[in-house]
Peer 1: 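Take this structure, written in structure tokens, and hold onto it; I'll ask about it next.
All figures in this text were calculated on a predicted structure; none of them were measured in a lab. Numbering of residues begins at 1 and proceeds along the displayed sequence.
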Amino acid sequence: MAVNMYQWADYYDITQRGVNGDIPFYLEMAKESKGEVLDLACGTGRITIPVAQAGVTVTGLDLSAEMLEKASQKAVEAGVSDQLTLVHGDMRKFDLQKKFDLVMIPFRSFLHLLYIQDQMKALGCVRQHLQPGGKLVMNVFVPKIEHLYEESEKMSLRGMFPLESGEQVAMWDYTLYDHFQQLSEVTRTYERLSPEGVVQEKIVGRFTLRYIFPAELHHLLRLNGFKVVQRFGSFDKASFDQKSSELIIVAEAV
């Protein structure tokens, strides 16, 4: 039986590199915020820790205890444990008893909210935790119907990741779509291969995303008291247009 893939924080850390250019972008936003930053669905600290290293006070919140444990280890190794706070929590219902100048939801993590009610709850929590004039920054992929059909019910190799030991980790995805509910259920397989190509370990995990269209996201933000002040089609701040595969949103509470 497949398990929640986020239990396997080491494999996640090896294989998840984010979207090209996302760390410098979020780091720039954090520095410009001039105050405390909240990183929702922070995972193993891929963005949280660089923000802390830049001298910004940051809180990372995640639903996975295993991911937070890995993030804590990495923070100690990076020497920034005093600069960040890690919280085990749910982005749909959290109360940190403080407000932030910037709330980030990087790496498409908003898509883990599978129901509109959950999306509304999360945005409501974010708004309650923002200082006046504070910003919400997030990114999601742009659904392309032809791509969704091309990938449906197929096993795809997502990448080969070398280890210092000479081994490699192969990451495979099998995706099943429910286009009526806008859901994609991904069965992810990690294979750790010896230098000779022999499988040493095989782990199968599962997660589900609800993909969201740009106009839909704009409406959700407006309904929850946000105004979109900037949007980009890539992390080098290219304009968002019909060719964009990523949507990066900067919104303010109104």
Side-chain angles (χ1 to χ4, degrees), residues 1-27 39-54 58 60-81 84 86 88 104-109 111-112 139-141 147-148 150-177 184-209 234-235 245-246:
M1 178 180 292
V3 298
N4 185 327
M5 63 161 282
Y6 297 109
Q7 293 180 16
W8 307 103
D10 288 341
Y11 279 110
Y12 179 92
D13 229 21
I14 292 166
T15 59
Q16 301 306 302
R17 310 292 172 85
V19 182
N20 188 38
D22 63 350
I23 293 179
F25 176 88
Y26 280 107
L27 191 56
D39 182 7
L40 293 178
C42 67
T44 63
R46 189 178 65 87
I47 289 177
T48 319
I49 291 172
V51 168
Q53 288 175 317
V58 58
L61 181 144
D62 202 277
L63 191 58
S64 167
E66 292 85 359
M67 301 284 270
L68 289 173
E69 182 179 355
K70 182 72 174 180
S72 180
Q73 294 172 1
K74 291 167 64 177
V76 170
E77 293 168 2
V80 293
S81 293
L84 62 84
L86 296 172
H88 185 216
M104 309 185 300
I105 313 178
F107 200 22
R108 307 165 177 169
S109 296
L111 303 182
H112 284 290
N139 67 287
V140 297
F141 73 84
H147 294 166
L148 300 182
E150 287 173 4
E151 293 183 351
S152 187
E153 299 184 57
K154 294 179 181 177
M155 183 70 84
S156 301
L157 178 64
R158 297 303 191 191
M160 300 288 294
F161 304 88
L163 305 180
E164 292 182 0
S165 63
E167 298 174 309
Q168 294 188 88
V169 173
M171 184 174 75
W172 300 83
D173 281 350
Y174 177 86
T175 307
L176 183 63
Y177 288 99
S184 58
E185 183 181 277
V186 181
T187 300
R188 176 161 290 173
T189 302
Y190 296 122
E191 293 180 335
R192 183 168 55 84
L193 308 172
S194 72
E196 296 74 33
V198 178
V199 176
Q200 305 296 301
E201 183 176 39
K202 182 176 181 178
I203 292 172
V204 180
R206 182 173 290 135
F207 63 97
T208 303
L209 302 176
S234 67
F235 284 106
S245 59
E246 201 74 18

Peer 1: For the residue pair Ala52 and Leu84, what are the closest heavy atoms and their distance?
Peer 2: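 So the minimum-distance heavy-atom pair works out to CB-CD2, 3.9 Å.
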Peer 1: Is the number of heavy atoms from other residues, nucleotides or ligands within 6.0 Å of CD (Glu69) greater than 12?
Peer 2: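 Atom CD in Glu69 is not crowded, with 12 or fewer foreign heavy atoms closer than 6.0 Å.
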Peer 1: Between the main-chain N or O of Ser156 and the side-chain N or O of Asp173, is there a donor-acceptor pair closer than 3.5 Å?
Peer 2: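 Pair absent, no side-chain N/O of Asp173 close to backbone of Ser156.
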Peer 1: For Asp39 and Ile47: C-alpha separation, side-chain torsions, deciding distance, then whether side-chain contact (heavy atoms from CB on, under 4.5 Å) applies.
Peer 2: CA-CA 8 Å; Asp39 182 7; Ile47 289 177; 4.2 Å; yes
Peer 1: To check you understand the geometry: which heavy-atom pair defines the closest contact between Pro162 and Gln168, and what is its length?
Peer 2: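 In terms of heavy atoms, the two residues are closest at CA-CG, 4.2 Å.
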Peer 1: If you measure from CE on Met67 to OG on Ser72, what distance do you get to the nearest 0.5 Å?
Peer 2: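 The distance works out to 14.0 Å.
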Peer 1: How about Ile14 and Met171: do any of their side-chain heavy atoms sit closer than 4.5 Å?
Peer 2: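 A side-chain contact under 4.5 Å is absent here.
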Peer 1: Could you state the interatomic distance from CD1 (Ile203) to CH2 (Trp8), rounded to the nearest 0.5 Å?
Peer 2: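 It is 4.5 Å, given to the nearest 0.5 Å.
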Peer 1: Distance-only, no hydrogens or angles: does the His88 side chain make a donor-acceptor pair with backbone N or O of Leu63 under 3.5 Å?
Peer 2: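 Yes, His88 side chain to Leu63 backbone: donor-acceptor pair under 3.5 Å.
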Peer 1: Just verifying a value: how many Å separate Thr189 OG1 and Tyr174 OH, rounded to the nearest 0.5 Å?
Peer 2: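 Reported to 0.5 Å precision, the distance equals 11.5 Å.
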Peer 1: Any side-chain heavy-atom pair from Phe141 and Val19 closer than 4.5 angstrom?
Peer 2: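 Result no, sub-4.5 Å side-chain heavy-atom pair not found.
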Peer 1: Do Met160 and Val169 have side chains that get closer than 4.5 Å, going by heavy atoms?
Peer 2: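 SC-SC contact between Met160 and Val169 ruled out.
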Peer 1: How close do Leu86 and Cys42 get, counting heavy atoms only, and between which atoms?
Peer 2: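 Here Leu86 and Cys42 meet closest at CD2-SG, 4.3 Å.
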Peer 1: Strictly by salt bridge (charged side-chain N to carboxylate O under 4.0 Å, His left out), give each pair with a member in residues 14-23 just once, sequence neighbours left out.
Peer 2: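 The answer is Asp22-Arg46.
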Peer 1: Please report the interatomic distance CG(Leu111) to OG1(Thr208), rounded to the nearest 0.5 Å.
Peer 2: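 The OG1 atom of Thr208 is 12.0 Å from CG of Leu111, to the nearest 0.5 Å.
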Peer 1: Test Tyr11 against every option in Arg188, Glu201, Glu191 by the side chain to side chain donor-acceptor pair (under 3.5 Å) rule and name the one that passes.
Peer 2: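 For Tyr11, the side chain to side chain donor-acceptor pair (under 3.5 Å) check succeeds only for Glu201.
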Peer 1: Measuring only between side-chain heavy atoms, which start at C-beta, is Arg158 closer than 4.5 Å to Thr15?
Peer 2: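 When only atoms from C-beta onward are counted, Thr15 and Arg158 do not touch, as no gap falls below 4.5 Å.
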Peer 1: Hey, does Phe107 have a side-chain heavy atom less than 4.5 Å from the side chain of Gln16?
Peer 2: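 A side-chain contact exists here, since the closest heavy-atom pair is under 4.5 Å.
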Peer 1: What is the distance from atom OG1 of Thr187 to atom CE of Met155, rounded to the nearest 0.5 Å?
Peer 2: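 Result: 7.5 Å between the selected atoms.
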Peer 1: Please give me the minimum heavy-atom distance between Asp62 and Leu68, naming the atom from each residue.
Peer 2: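 The answer is O-CD1, 3.6 Å.
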Peer 1: Can you tell me how far the CZ atom of Phe161 sits from the CG atom of Leu193, to the nearest 0.5 Å?
Peer 2: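 Spacing of CZ (Phe161) from CG (Leu193) equals 12.0 Å.
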Peer 1: Can any side-chain N or O of Ser64 pair as donor or acceptor with the backbone N or O of Tyr6 at less than 3.5 Å?
Peer 2: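 Indeed, once roles are kept as given, a pair shorter than 3.5 Å links the two residues.
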Peer 1: Looking only at heavy atoms, what is the nearest atom pair of Val140 and Arg108, with distance?
Peer 2: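 Answer, listing the atom of Val140 first, then Arg108: CA-CG, 3.9 Å.
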Peer 1: Between Glu167 and Pro195, which heavy-atom pair has the shortest distance, and what is it?
Peer 2: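 Heavy atoms only, the tightest pair is CG-CD, 4.2 Å.
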